Chemist: 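Please read through the structure below; I'll follow up with questions.
Within every chain, numbering begins at 1; the chains are lettered A, B, ... in the order of the sequence lines, protein sequences first and strands thereafter. Everything numeric here is computed off the predicted structure, so don't read it as measured data. Basis for what follows: all heavy atoms, side chains included, without hydrogens, waters or symmetry-related copies.
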There are 2 protein chains.
Amino acid sequence: MEKSNCTCTENEISKICKDFHGTIEFIGKRWMGIIIYQLLKGPKRFHELVENIPGISDRLLTERLRDLEKEGLVSKKVLVPSQKKVEYELTPGGKELEAVITSILHWVKTRQK
Amino acid sequence: MEKSNCTCTENEISKICKDFHGTIEFIGKRWMGIIIYQLLKGPKRFHELVENIPGISDRLLTERLRDLEKEGLVSKKVLVPSQKKVEYELTPGGKELEAVITSILHWVKTRQK
DNA sequence: AAAATAACTTACCAAAAGTAAGTTTTTAAG
DNA sequence: CTTAAAAACTTACTTTTGGTAAGTTATTTT
């Protein structure tokens, strides 16, 4: 096994690297960032998301919301069963992404100057 | 113009939203995150990046490095002209992405528990 | 009674990413 | 000295993902 200049083993490093990569590929999927950004403001209905995210299509929004549900980051509430009223909300785990989003917002702002 | 419950005008909000979206779509491109992560450790040669990023192809690595150069986040040094020795390094602007990367790393770690 | 809204789904086309092979120069090996 | 391997790409081709448009079903509005 190779030497490393930190306290992690090679396996730990490659695991972190792999998890990091998987995670950033997931939250970096197209539209994902701005969907999370919108949901951080509070629960939103499907059409509210469409309206607040210029350019997104309902097909992709559906797909992304399913991805987020599968990862347990978003929960779907059916407001009135047997009616087309649903609401999407970040789970506690999803809300922990706030720091990621704000760090990107901060970077965006510093670049604009 | 609609009312808004913050101090920004509608135009300012939509500009931030647009810039944020553009930025996150850029740094969220496939492989981008892990390339930046690797470069935060210091300058790296092309083949070092290939070796440290499992699964990436040289075609996509080239493409992403060009993207990063265009945005002024990475600089390419030709170590020996007329020779195949180059090195890629984050610019000061690129290094400011560290906070973004560490916030994602942090999120990854808290999720693992 | 007809039109619009909500939250999707299906089908099709375009763009991006993956894969594999080829190129040029340079270094290493036999 | 000839051959092989490495470095940093480029080109061509296939697969996957994303974009666009239309259709669906059940409510709500006009």
Side-chain angles (χ1 to χ4, degrees), chain A residues 2 18 20-39 42-71 73-90, chain B residues 17-18 20-39 42-71 73-90:
Chain A
E2 277 182 45
K18 197 166 151 277
F20 169 77
H21 180 61
T23 302
I24 204 167
E25 293 295 294
F26 178 78
I27 63 174
K29 276 188 170 187
R30 205 161 292 174
W31 302 108
M32 209 53 122
I34 203 160
I35 292 170
I36 295 164
Y37 173 72
Q38 292 295 334
L39 289 175
K44 288 250 178 321
R45 298 199 45 194
F46 188 86
H47 72 274
E48 291 179 300
L49 289 169
V50 172
E51 284 153 23
N52 286 305
I53 302 173
I56 201 172
S57 66
D58 43 5
R59 193 182 77 80
L60 263 281
L61 178 56
T62 304
E63 206 170 304
R64 285 302 105 91
L65 288 168
R66 297 290 161 273
D67 293 339
L68 288 163
E69 280 181 85
K70 255 183 233 163
E71 285 295 309
L73 301 175
V74 160
S75 63
K76 176 182 179 174
K77 253 187 240 165
V78 179
L79 294 180
V80 184
S82 87
Q83 221 171 324
K84 299 242 163 174
K85 277 196 181 178
V86 297
E87 198 172 63
Y88 292 94
E89 186 176 14
L90 289 175
Chain B
C17 191
K18 201 166 150 275
F20 169 76
H21 180 61
T23 301
I24 204 167
E25 291 295 293
F26 178 78
I27 64 173
K29 276 188 171 186
R30 204 162 294 175
W31 303 108
M32 209 54 123
I34 204 162
I35 293 169
I36 295 164
Y37 173 72
Q38 291 296 333
L39 289 174
K44 287 252 178 322
R45 299 198 46 195
F46 187 87
H47 72 275
E48 291 180 301
L49 289 169
V50 172
E51 285 154 23
N52 286 304
I53 302 172
I56 201 171
S57 67
D58 42 6
R59 194 182 79 78
L60 264 281
L61 178 56
T62 304
E63 207 170 303
R64 285 302 105 89
L65 288 167
R66 298 291 160 272
D67 293 339
L68 288 163
E69 278 180 85
K70 256 183 232 162
E71 285 295 309
L73 301 177
V74 160
S75 64
K76 175 182 178 174
K77 254 188 239 164
V78 179
L79 293 180
V80 184
S82 85
Q83 225 171 321
K84 300 239 162 177
K85 277 196 181 178
V86 297
E87 199 172 63
Y88 293 93
E89 187 175 13
L90 289 176

Chemist: Could you check how far CD of B:Glu63 sits from P of D:dT10, rounded to whole Å?
Modeler: 11 Å
Chemist: With a 4.0 Å limit, can you tell me whether A:Arg64 has a side-chain N or O closer than that to the phosphate oxygens OP1/OP2 of D:dG18?
Modeler: yes
Chemist: Rounded to the nearest Å, what distance is computed from the CZ atom of residue B:Arg66 to the P atom of nucleotide D:dA8?
Modeler: 11 Å
Chemist: Given atom CD1 of B:Ile35 and atom C1' of D:dA8, what is their separation to the nearest angstrom?
Modeler: 15 Å
Chemist: Can you measure B:Lys44 atom NZ to D:dA8 atom C1' for me and round it to whole angstrom units?
Modeler: 17 Å
Chemist: Could you give the side-chain donor-acceptor pairs of residues 24-35 of chain A under 3.5 Å, partners two or more places apart or in another chain?
Modeler:
{"residue": "A:Glu25", "atom": "OE2", "partner": "B:Trp31", "partner atom": "N", "Å": "3.0"}
{"residue": "A:Lys29", "atom": "NZ", "partner": "A:Asp67", "partner atom": "OD2", "Å": "3.4"}

Chemist: Return the minimal non-hydrogen interatomic distance between B:Thr62 and B:Asp58, and the atom names on each side.
Modeler: OG1-O, 2.8 Å
Chemist: Check whether any side-chain N or O of A:Lys29 sits under 4.0 Å from OP1 or OP2 of C:dA17, and answer yes or no.
Modeler: no
Chemist: Examine the base of C:dT24 for any acceptor or donor lying under 3.5 Å from a partner atom in the side chain of B:Lys84, and report the outcome as yes or no.
Modeler: yes
Chemist: Below 3.5 Å, does any donor atom in the side chain of A:Arg59 face an acceptor in the base of C:dT9, or the other way round?
Modeler: no
Chemist: How close or far is atom P of D:dA8 from atom CG of B:Leu65, stated in whole angstroms?
Modeler: 11 Å
Chemist: Assign each of B:His47 and A:Arg30 to its nearest nucleotide of DNA chain D by heavy atoms, then name whichever residue's nucleotide is nearer the 5' end.
Modeler: B:His47
Chemist: What closest approach, in Å, do A:Gln38 and A:Ile53 show between heavy atoms, and which atom pair accounts for it?
Modeler: CG-CG1, 3.8 Å
Chemist: Considering only D:dC9, D:dA7, C:dC8, which nucleotide approaches the side chain of B:Glu51 most closely?
Modeler: D:dA7
Chemist: Send over the distance from B:Leu60 CG to D:dT16 P, rounded to a whole Å.
Modeler: 15 Å
Chemist: Below 4.5 Å, heavy atoms only, C-beta onward: do B:Leu65 and B:Leu49 meet side chain to side chain?
Modeler: yes
Chemist: Residues two or more places apart in sequence or in another chain: which of them pass side chain to side chain donor-acceptor pair (under 3.5 Å) with B:Glu69?
Modeler: B:Arg66
Chemist: Of the nucleotides D:dT20, C:dA6, D:dG18, which one has an atom closest to the side chain of A:Ser57?
Modeler: D:dT20
Chemist: Can you give me the bend angle of the helix from C:dA1-D:dT30 to C:dG30-D:dC1? Use the axis through the first five pairs and the one through the last five, nearest 10 degrees.
Modeler: 0°
Chemist: Can you tell me how far P of C:dA6 sits from CG of A:Asn52, to the nearest Å?
Modeler: 13 Å
Chemist: Toward the 5' end of DNA chain C, which comes first, B:Asp58 or A:Tyr88, by nearest nucleotide?
Modeler: A:Tyr88
Chemist: Provide, to the nearest angstrom, the distance between the CG atom belonging to A:Leu49 and the C1' atom belonging to C:dA6.
Modeler: 13 Å
